[in-house]
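Letters go in sequence order (proteins before strands), and every chain restarts at 1.
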Amino acid sequence: MAKEAATAIEPTREENYPEWYQEVIKASDMAENSPVRGCMVIKPWGYALWENISRVLDDMFKQTGVKNAYFPLFIPLSFLEKEAAHVEGFAKECAVVTHHRLEKGGNGGLVPAGPLTEPLIVRPTSETIIGDAFSKWITSYRDLPVLINQWANVVRWEMRTRLFLRTSEFLWQEGHTAHATAAEAIERTRMMLEVYRKVSEDYLAIPVITGEKSASEKFPGAETTTCIEAMMQDRKALQAGTSHFLGQNFAHASQIKYQSEKEIEEYAWTTSWGVSTRLIGALIMTHSDDNGVILPPRVASAHVVLMPIIRKEQNRDAIMDYTQGIADRLRKLAYYGRNIQVEIDSRDIGGARNWEWIKKGIPLRVEIGPKDMASDSVFVGRRDKDPRDKAAFRKDAFVDGVKDLLDEIQNNLYQKALDFKNTHTRPMDEKTDFDAFFTPKNTERPEIHGGFALSHWCGNAGCEKNIKDRLNVTIRCIPFGGGNEAGRCIECNGPSAKRVVFAKAY
RNA sequence: CGGGGCGUGGCGCAGUCUGGCAGCGCGCCUGCUUUGGGAGCAGGAAGCCGCAGGUUCAAAUCCUGCCGCCCCGACCA
């Protein structure tokens, strides 16, 4: 027997969180770096997650009247220039296409030829190109609202990239809507944020805080940006989704106008909202442990792995039949929008097989050997429990109860994440406490520290900046609900009407 | 773009200081024995030592330039 590591993943979260994150992804076989700088290859086990998340979102979008469409990957440079704040926000991270042909170069290579008269940028987001379409589609108040979503890839040339969390190219959906009134657009902004909250909490089992961004953190060109913020296991905040009220900024830029009932020319009010493959990063960092990924059942790449244990060759057919019979029954069961997905892994590689599936985070591992078959049973391990904590089930009881079992795991994951978030979220009124909260004890090798501080803020951008410069802590959002409560700004002691969420962020 | 680290079979690394046969562990393939907590033995395949120049009888090793990756920061979903 080979040596056993204390944990399947090294280093552990405690030892080196960023490296742990990378190792977890590698061990789960979800994605890998590609030859293209900053771009990832999403492998089947990771892509299945995205498919499942997409399906849930897509259904919910459609239930609110949104329809899917598709717009070009390339955006004329002049389009991006139309909205001043938007240009400022995205100019630094645009990939630009300047040529349309390759020719043989001097030493056998290829060189770009045929310069474009107007460079094209690869979309970092599609407000401008979709705004242009909307300007043609909308002429009357009768055309409104227009409710469009597209599933697409976008490119943002980031300095530093990390699998799923920040890659040069990523997959996302971007919703774009146009409305006759500000009130209706604001309502839509909140409605879609609510969809994100629901998917995040009910499917990904990631508890979030919903709220509004401060002026410095909002989307370039937006009037207001609302967001869902989640806490990762290193207690840093991750912005998991945003929904923007764009006012009439993009309507002016793209000339989205309509004639009202009163025969007056009006500009439309628009929104945009998106979530991306970053959600997968959020999911990994919320649930995974030192043995690898833990997938919430409702979006898991697969639900159950069946592992036949064939001790004697003459048992093979009987055990495989028994296993196949269980798989057939499980696959007929519907669970949250799809049938139970079953993997059968009959590889003869000893205990390594079990550990591979632990690292991949599959919710249920089922061992099926001669003893189980003899007693009409199965031996089940749950990913939300210790790897050695396994229990025998009667076969029928397991099959009939598998959906309850999956829901139990789903709820456990959510509850655990919620407890973690609550434990590390605290009101903070004294500047010294605030600074201590966000300062690691060991400056050489900072330990996991901090969390969400609920503190008062006077609304002044200067105070926000001071805090960022001093502690690298930002306002993640001004949370909805919770009520107003007068207090004193954590930075300047000025009057404040409400607490906001401060945290270090990804 | 600033600071730090690193590029050697698929993965992780040693070898570089002091130039002289391309190595180790894991993984992979074959066979036998095993199997309910990460199997054992035997055999085997797999390398442009990041790239390009230079020095040398000889370069993974020395020199010059470039490229890429990772971590921290700035930027960001």
Side-chain angles (χ1 to χ4, degrees), chain A residues 1-8 10 16-19 21-23 26-27 32-38 88-94 107 124-125 154-174 196 213 216-217 219-220 225 227-230 237-244 272-282 291 307-313 315 319 347-359 365-373 377-381 386-390 392 443-446 468-469 472 474 504-506:
Chain A
M1 197 157 294
K3 66 182 156 52
E4 274 181 48
T7 58
E10 294 196 43
N16 186 339
Y17 194 85
E19 203 176 324
Y21 176 74
Q22 296 196 118
E23 290 299 321
K26 193 186 289 180
E32 62 192 21
N33 280 309
S34 76
V36 186
R37 177 194 189 123
E88 177 128 4
F90 284 106
K92 282 174 288 185
E93 52 190 62
C94 281
N107 42 12
T125 179
V154 288
V155 167
R156 296 181 188 178
W157 213 259
E158 304 289 354
M159 287 302 171
R160 221 182 94 214
T161 59
R162 302 180 72 183
L163 288 175
F164 290 119
L165 294 179
R166 188 185 303 104
T167 46
S168 299
E169 179 193 21
F170 56 92
L171 304 182
W172 77 343
Q173 58 70 217
E174 48 178 324
Y196 293 157
K213 288 290 185 189
S216 72
E217 295 271 337
F219 177 77
T225 288
C227 61
I228 53 173
E229 292 282 331
L238 183 74
Q239 179 175 304
T242 48
S243 182
H244 315 289
S272 70
W273 26 278
V275 293
S276 71
T277 38
R278 170 179 268 197
L279 283 176
I280 297 173
N291 288 322
M307 296 182 282
I309 296 165
I310 299 157
R311 299 186 62 173
K312 297 196 175 76
E313 205 46 37
N315 287 339
I319 292 179
R347 288 176 301 165
D348 180 17
I349 56 171
R353 176 174 64 171
N354 194 41
W355 282 100
E356 267 189 33
W357 289 103
I358 291 171
K359 287 184 276 192
R365 306 184 308 280
V366 181
E367 296 174 15
I368 303 170
K371 285 184 232 165
D372 305 296
M373 191 170 66
S377 303
V378 292
F379 205 52
V380 180
D386 190 277
R388 91 199 79 184
D389 184 358
K390 292 185 267 195
T443 44
E444 294 296 308
R445 284 179 46 84
K468 184 174 183 183
D469 291 346
N472 195 28
T474 51
K504 293 188 180 178
Y506 273 94

Reckon A:Gln239 touches a base, only the sugar-phosphate, or nothing at all at heavy-atom distances under 4.0 Å?
-> sugar-phosphate
Looking at every strand, decide which applies to A:Ile310 at a 4.0 Å heavy-atom threshold: base, sugar-phosphate, or nothing.
-> base
Regarding the side chain of A:Lys359, the nearest nucleotide among B:C70, B:G38, B:U35 is B:G38
Counterpart residues, ring pair (Phe, Tyr, Trp, His ring centres under 6.0 Å), relative to A:Trp157 (two or more places apart) | none
With sequence neighbours excluded, what pairs up with A:Ser34 under the side-chain hydrogen bond (donor to acceptor under 3.5 Å, both in side chains) test?
-> none
Protein and nucleotides 2-7 of chain B: nitrogen or oxygen contacts under 3.5 angstrom:
none

According to a strict under-4.0 Å criterion, is A:Gln22 in side-chain N/O contact with OP1 or OP2 of B:C69?
-> no
Of all residues at least two apart in sequence or in a different chain, which pass the ring pair (Phe, Tyr, Trp, His ring centres under 6.0 Å) check with A:Tyr506?
-> none
B:U35 to B:C71 separation - C1' atoms, rounded to the nearest Å | 42 Å
Pairwise 5' ranking along RNA chain B for A:Lys26 and A:Glu356, keeping only the more 5' one = A:Lys26
Looking for any heavy atom pair under 4.0 Å, which part of the strands does A:Thr167 touch: base, sugar-phosphate only, or nothing?
-> base
Nearest-Å distance for atom pair CG/P, residues A:Asp348 and B:U30 | 12 Å
Report, one pair per line, the protein and nucleotides 42-44 of chain B atoms (nitrogen or oxygen only) whose separation is under 3.5 Å.
none

Rounded to the nearest 0.5 Å, what separation is found between the CG atom of A:Asn33 and the CD atom of A:Gln22?
-> 7.5 Å
Roughly, in whole Å, what's the span from CG in A:Leu163 to C1' in B:C71?
-> 15 Å
Rounding to the closest angstrom, what is the interatomic distance between B:G38 and B:C75 at atom P?
-> 49 Å
Residue set satisfying side-chain hydrogen bond (donor to acceptor under 3.5 Å, both in side chains) with A:Thr277, at least two apart, ordered chain then number -> none
Residue list, side-chain hydrogen bond (donor to acceptor under 3.5 Å, both in side chains) with A:Asp348, at least two apart or on another chain = none
Any residue meeting side-chain hydrogen bond (donor to acceptor under 3.5 Å, both in side chains) with A:Asn354, in chain and number order, not counting sequence neighbours | A:Arg365
With rounding to whole Å, what would you report as the distance between B:C41 and B:G47 at their C1' atoms?
-> 27 Å
Give A:Asn16 one of three labels, base, sugar-phosphate or nothing, depending on what nucleic acid heavy atoms sit under 4.0 Å from its own.
-> nothing
Using only heavy-atom distances, decide whether a donor-acceptor pair under 3.5 angstrom links the side-chain of A:Arg166 to the base of B:C76.
-> yes
Distance test, side-chain N/O of A:Asn472 to OP1/OP2 of B:C72, below 4.0 Å | no
Between B:U34 atom C1' and A:Arg353 atom CZ, what is the distance in whole Å?
-> 14 Å
By salt bridge (Lys or Arg N to Asp or Glu O under 4.0 Å) - contacts of A:Glu88 (at least two apart) = none
Identify, with sequence neighbours excluded, every residue that meets salt bridge (Lys or Arg N to Asp or Glu O under 4.0 Å) alongside A:Lys359.
-> none
Within the structure shown, what part of the strands sits under 4.0 Å from A:Lys371 by heavy-atom distance: base, sugar-phosphate, or nothing?
-> base
Specify the residue among A:Asp372 and A:Glu158 whose closest nucleotide of RNA chain B lies further upstream toward the 5′ end.
-> A:Asp372
Just compare B:A39, B:G36, B:C76 and give me whichever is closest to any side-chain atom of A:Arg156.
-> B:C76
Does A:Lys468 put a side-chain nitrogen or oxygen below 4.0 Å from OP1 or OP2 of B:C75?
-> yes
How would RNA chain B look in dot-bracket form, 5' to 3', counting Watson-Crick and G-U wobble pairs with both distances under 3.5 Å and writing | for bases paired to another strand?
-> ((((((((.[[[[.)....(..]]]].((((((.....)))))).....[[[[[..)....]]]]])))))))....
Could you check whether A:Gly350 gets within reach of a base, just the sugar-phosphate, or nothing at all, counting any heavy atom under 4.0 Å?
-> sugar-phosphate
Taken in chain and number order and not counting sequence neighbours, the residues that satisfy ring pair (Phe, Tyr, Trp, His ring centres under 6.0 Å) with A:Phe170 are A:Trp172
If we take the P atom in both B:C48 and B:G3, what is their distance in whole Å?
-> 33 Å
Which of B:C70, B:G36, B:C76 is nearest the side chain of A:Glu93? It is B:C76
Hey, does A:Leu279 reach any base, or is it just sugar-phosphate, or nothing, if we go heavy atoms under 4.0 Å?
-> nothing
